[in-house]
Participant: 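This structure is in structure tokens; I'll ask about it shortly.
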Amino acid sequence: MAQSPITPRGEDFAAWYQDVVIQGDMAEPAEIVKGCMVIKPNGYAVWELLQREFDDRFKATGHQNIYLPLLIPQSFLQKEAEHVEGFSPELAVVTIAGGKPLEEPYVIRPTSETIVGHFFAKWIQSWRDLPLLLNQWANVMRWELRTRLFLRTTEFLWQEGHTAHATHDDALDEVLRILDIYADVAENVMAMPVIKGRKTQSEKFAGAVSSFAIEAMMQSGLALQAGTSHDLGQNFGRAFNVQFQTSEGTLDYVWQTSWGVSTRLIGGLVMSHSDDKGLVLPPKLAPIKAVLVPIYRKDEEKAQVLETAHRIAKEVGAKVDDREGQTPGAKFFHWERRGVPVVLELGPRDVASGKIVLKRRDTGSKEPVPQSEINCMLNDTLDRMQTDLYKKAKDQLKSRTVLANSIEEVEGILNEVTAEKGNGKFVMAHVKDDPACDARMKEFKATIRCIPTQDEYDGPGKCIVTGENVDRRVVIAKAY
RNA sequence: CGGGGCGUAGCGCAGCCUGGUAGCGCACCUGCCUUGGGCGCAGGGGGUCGCAAGUUCAAAUCUUGCCGCCCCGACCA
């Protein structure tokens with residue numbers, strides 16, 4: 001019998017997304033805690049693979065991991081003016097502990113800049129202590145009004161990098177180095193093309209001088225901010241008195257950065273590649289790359305098939321689905337929904353002919369392969385699938401990116417867009433980095449996603465809102 | 001924070017209007033049978049009906065209060 005069906009993308013994109021995540025057994029709402037989710041093994045395994053990719057790159061660029069307290073004294077959040085304003089609406093606060101009201105409440109960290117500021121002040125005395133390059137893998141909590149699995153949950157997992165530098169140039173280099181790492185993992189591991197860019201002043205992180213981000217386009221055509229890297233200037237250095245003695249003997253505040261990617265990336269992964277049959281995972285992030293489904297009828301067939309199945313599975317590193325009492329058909333659906341890149345089918349006919357059937361998750365193509373070549377063919381297929389998924393996503397990004405040269409044009413395009421229809425677009429237009437311009441975009445429920453770091457279009461032009469000169473087109477879109 | 005919906009077996013739901021032995025499908029267990037895209041048959045186990053108070057001889061059902069979750073809009077990785 002059919003399991004709960006997956007809502008087709010074309011019918012209702014948001015419902016499709018939720019169905020894919022749940023049917024793919026990645027996560028489910030933790031119905032006992034508002035806005036939180038349970039990340040299940042098939043989802044957490046993807047997170048572990050992603051973590052490894054990022055962590056290796058952070059280590060390779062000189063960062064070390066630390067762990068900071070979950071609770072932050074409430075007064076800490078208030079030390080940086082913009083920071084407190086940005087975060088106070090979404091804080092969860094602990095006011096009672098040990099059965100007694102606390103003298104000073106603790107907030108559950110929404111991010112750790114403030115606590116880092118405190119410890120940086122203790123640890124940094126001299127320019128010789130710099131740069132200080134740290135990262136933390138942690139959970140954080142932001143009391144969101146509206147939540148969606150992975151994309152926005154009250155509690156989420158992430159990494160937050162925190163670094164301190166002697167000069168602004170060094171800090172900015174760090175910010176961009178990390179942005180490159182984020183883009184590298186997104187494109188080459190997640191097969192998710194991104195646009196690197198700077199956030200506008202009104203979209204930047206609360207407390208930063210400037211924020212950079214990678215923006216991805218989902219199959220709905222909506223934008224997803226997939227990672228951010230912030231130039232904090234000396235804002236937190238001043239707020240927490242993080243001073244160091246320069247080589248010339250003077251005192252200066254450190255220049256800090258912070259940067260993060262979260263479990264939101266898993267949502268992005270799902271919305272980049274999956275289809276109406278369920279989850280599609282790029283091979284590099286598939287916890288199980290191939291499953292072998294044995295097919296047999298009589299006992300003597302079973303013995304033969306299983307023997308060959310285990311031999312081949314061992315050779316290629318596949319998992320044999322030898323569960324009893326489930327027909328092959330049920331198994332095919334099971335693994336398909338869970339996004340396994342390749343399913344191998346082995347039955348009596350294949351045993352007799354010395355072949356095995358290889359089926360690709362993304363294209364659905366099925367072909368018999370000589371058993372002697374299966375190892376090579378499988379690796380080949382996984383490699384091809386990885387690059388094909390990227391190409392497909394890149395093509396969609398290109399075909400759904402349009403130029404606009406007037407505010408009316410932008411409005412006309414974006415007013416057609418709804419999240420359910422999944423007909424989103426990236427609109428490239430000349431717009432000034434000015435809060436008034438951001439506000440204008442909000443009128444049609446869109447935002448300036450970023451000012452690309454690399455101009456792939458026609459260079460300078462006149463702002464379609466103010467008429468002033470700006471040096472390149474920005475990305476305007478509706479977003480998650 | 002506004003609008004809507006929901007809470008009954010592990011999951012999805014019916015029953016409620018009109019109070020009277022708690023039901024269906026899937027899943028699960030046992031046996032037989034089947035197996036190249038969600039097999040079939042037979043038998044079986046599983047529930048303080050979200051919580052609390054009230055009305056009543058009697059409450060899943062009526063009344064009141066509370067709690068929680070989900071979905072749709074304004075803030076956000």
Side-chain angles (χ1 to χ4, degrees), chain A residues 1-5 12 14-15 18 22-23 28-37 85-91 110-111 138-160 182 199 202-206 211 213-216 223-230 258-268 277-278 293-299 301-302 305 321-337 343-353 355-357 359 364 366 368 418-420 442-443 445 447 479-480:
Chain A
M1 237 327 172
Q3 294 290 314
S4 326
D12 182 341
Q18 202 173 8
I22 292 171
Q23 296 290 324
E28 64 185 46
E31 76 275 16
I32 49 168
V33 190
K34 185 178 168 61
C36 291
M37 64 175 165
E85 195 187 329
F87 280 106
S88 46
E90 46 189 73
L91 297 179
T111 177
N139 57 338
V140 290
M141 181 165 272
R142 298 179 186 178
W143 214 260
E144 303 289 353
L145 299 176
R146 176 120 158 69
T147 57
R148 295 173 204 266
L149 292 173
F150 289 118
L151 297 176
R152 176 164 298 107
T153 47
T154 300
E155 180 186 12
F156 57 94
L157 304 182
W158 77 345
Q159 60 67 217
E160 45 176 322
Y182 286 169
K199 288 279 167 182
S202 42
E203 291 283 326
K204 71 176 187 190
F205 175 73
S211 289
I214 51 171
E215 292 285 332
L224 183 77
Q225 179 172 305
T228 47
S229 185
H230 311 292
S258 70
W259 28 274
V261 293
S262 72
T263 35
R264 163 179 269 196
L265 286 178
I266 297 174
K277 294 176 189 162
V293 175
I295 298 153
Y296 46 79
R297 201 167 315 192
K298 310 177 197 103
D299 274 354
E301 283 176 354
K302 177 178 172 182
V305 167
D321 185 354
D322 55 4
R323 288 175 297 166
E324 298 283 348
Q326 291 239 43
T327 60
K331 293 176 181 177
F332 296 148
F333 278 101
H334 178 80
W335 298 111
E336 186 169 72
R337 273 202 311 274
V343 169
L344 302 169
E345 306 180 18
L346 184 78
R349 295 205 298 264
D350 305 303
V351 172
S353 65
K355 296 199 168 172
I356 184 163
V357 174
K359 177 159 192 205
K366 241 166 114 160
T418 69
E420 300 78 42
K442 292 224 160 142
E443 287 172 25
K445 293 177 180 169
T447 44
Y480 285 102

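All heavy atoms count here, side chains included; hydrogens, waters and symmetry mates do not. So that the names make sense, note that chain A is the first sequence line, chain B the second, and so on, each numbered from 1.
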Participant: In whole angstrom, give the distance that lies between atom CZ of A:Arg148 and atom P of B:A77.
Facilitator: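 Distance check: A:Arg148 CZ to B:A77 P gives 15 Å.
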Participant: Pick the C1' atom in B:U8 and in B:G47, then give their distance to the nearest Å.
Facilitator: 8 Å
Participant: Tell me, with the steps shown, if A:His230 and A:Lys199 meet side-chain contact (heavy atoms from CB on, under 4.5 Å).
Facilitator: CA-CA 10 Å; A:His230 311 292; A:Lys199 288 279 167 182; over 6 Å; no
Participant: Report the distance from atom CD of A:Gln326 to atom C1' of B:C28, rounded to the nearest whole Å.
Facilitator: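 After rounding, the gap between these two atoms is 12 Å.
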Participant: What integer number of Å spans the C1' atoms of B:C16 and B:C29?
Facilitator: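 Looking at atom C1' only, B:C16 and B:C29 are 33 Å apart.
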Participant: For A:Gly347, report the nucleic acid contact type (base, sugar-phosphate, nothing); a contact means any heavy atom under 4.0 Å.
Facilitator: base
Participant: Find the distance A:Glu90:CD to B:C1:P and express it as a whole number of Å.
Facilitator: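 Computing the A:Glu90:CD to B:C1:P distance gives 15 Å.
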Participant: Paired with B:C49: which nucleotide, if any, by Watson-Crick or G-U wobble criteria at under 3.5 Å for both distances?
Facilitator: none
Participant: I need the NZ-P distance between A:Lys445 and B:A74, as an integer number of Å.
Facilitator: 4 Å
Participant: When rounded to the nearest Å, what value does the distance between C1' atoms of B:G20 and B:A59 take?
Facilitator: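 Looking at atom C1' only, B:G20 and B:A59 are 10 Å apart.
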Participant: Side-chain N or O of A:Gln18 less than 4.0 angstrom from OP1 or OP2 on B:C71?
Facilitator: yes
Participant: Any base atoms under 4.0 Å from A:Leu151, or only sugar-phosphate, or nothing? Heavy atoms, all strands.
Facilitator: base
Participant: At less than 4.0 Å, is any side-chain N or O atom of A:Arg349 found next to OP1 or OP2 of B:G36? Yes or no.
Facilitator: no
Participant: Out of curiosity, A:Gln326 CD to A:His334 NE2, how far, rounded to the nearest 0.5 Å?
Facilitator: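 A:Gln326 atom CD to A:His334 atom NE2 measures 7.5 Å (nearest 0.5 Å).
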Participant: Taking atom P in both B:G15 and B:C72, what distance in whole Å separates the two?
Facilitator: 26 Å
Participant: Can you name the nearest heavy-atom pair linking A:Ala213 to A:Thr228, along with the distance?
Facilitator: CB-CG2, 4.0 Å
Participant: With sugar-phosphate meaning primed atoms plus P, OP1 and OP2, does A:Phe156 contact a base, only sugar-phosphate, or nothing at under 4.0 Å between heavy atoms?
Facilitator: base
Participant: Could you measure between the two C1' atoms, the one in B:A9 and the one in B:C49, and give it in whole Å?
Facilitator: 10 Å
Participant: Assess whether a salt bridge exists between A:Glu324 and A:Lys302, defined as any Lys/Arg side-chain N lying under 4.0 Å from an Asp/Glu carboxylate O.
Facilitator: yes
Participant: What closest approach, in Å, do A:Phe87 and A:Pro110 show between heavy atoms, and which atom pair accounts for it?
Facilitator: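 What the structure gives for the nearest pair is CD2-CB, 3.8 Å.
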Participant: Any side-chain heavy atom of A:Val305 sitting closer than 4.5 Å to one from A:Leu346?
Facilitator: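 Yes, close enough: below the 4.5 Å cut-off.
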Participant: How close or far is atom P of B:C72 from atom CZ of A:Arg146, stated in whole angstroms?
Facilitator: 4 Å
Participant: What distance, rounded to whole Å, do you find between the two C1' atoms, one in B:A14 and one in B:C24?
Facilitator: 7 Å
Participant: When we call it a touch if two heavy atoms are under 4.0 Å apart, what does A:Glu345 touch: a base, just sugar-phosphate, or nothing?
Facilitator: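 Touches a base.
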Participant: Determine the contact category for A:Gly325: base if any of its heavy atoms lies under 4.0 Å from a base atom, sugar-phosphate if only primed atoms, P, OP1 or OP2 are that close, otherwise nothing.
Facilitator: nothing
Participant: Find out whether A:Glu345 and A:Phe332 are in side-chain contact, i.e. whether some heavy atom of one side chain is under 4.5 Å from a heavy atom of the other.
Facilitator: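 When only atoms from C-beta onward are counted, A:Phe332 and A:Glu345 do touch, with a gap below 4.5 Å.
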Participant: What is the base-pairing partner of B:C69, counting Watson-Crick and G-U wobble geometry with both distances under 3.5 Å?
Facilitator: B:G5
Participant: Tell me what A:Val140 touches on the nucleic acid: a base, only sugar-phosphate, or nothing, going by heavy atoms under 4.0 Å.
Facilitator: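 Nothing: the residue A:Val140, judged by heavy atoms under 4.0 Å, touches no strand.
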Participant: Quickly work out the A:Glu28 CD to B:C69 C1' distance and round it to whole Å.
Facilitator: 13 Å
Participant: Would you mind reading off the distance between A:Gln225 atom CD and B:A77 atom P, rounded to a whole angstrom?
Facilitator: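 Distance, rounded to whole Å: 5 Å.
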Participant: The side chain of A:Ile295 lies closest to which of these nucleotides: B:C70, B:U35, B:A77?
Facilitator: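 The listed nucleotide nearest to A:Ile295's side chain is B:U35.
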Participant: Please tell me if A:Lys366 has a side-chain N or O lying less than 4.0 Å from either OP1 or OP2 of B:G36.
Facilitator: no
Participant: With heavy atoms under 4.0 Å as the rule, sort A:Lys199 into base, sugar-phosphate or nothing.
Facilitator: nothing
Participant: Starting from P on B:C26, measure out to CD on A:Gln23 and report it in whole angstrom.
Facilitator: 17 Å
Participant: Taking atom C1' in both B:U56 and B:U61, compute the distance separating them and give it to the nearest angstrom.
Facilitator: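 Going atom to atom, C1' in each nucleotide, I get 13 Å.
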Participant: Using the P atom in both, what is the distance from B:G54 to B:A60, to the nearest Å?
Facilitator: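 15 Å, rounded to whole Å.
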Participant: Does the structure show a Watson-Crick or G-U wobble partner for B:G25, both distances under 3.5 Å? Name it, or say none.
Facilitator: B:C11
Participant: Which nucleotide, if any, forms a Watson-Crick or G-U wobble pair with B:A59, using both distances under 3.5 Å?
Facilitator: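 Answer to the pairing question: none, since B:A59 forms no Watson-Crick or G-U pair.
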Participant: Under 4.0 angstrom, heavy atoms only, what part of the nucleic acid is A:Thr153 near: base, sugar-phosphate, or nothing?
Facilitator: base
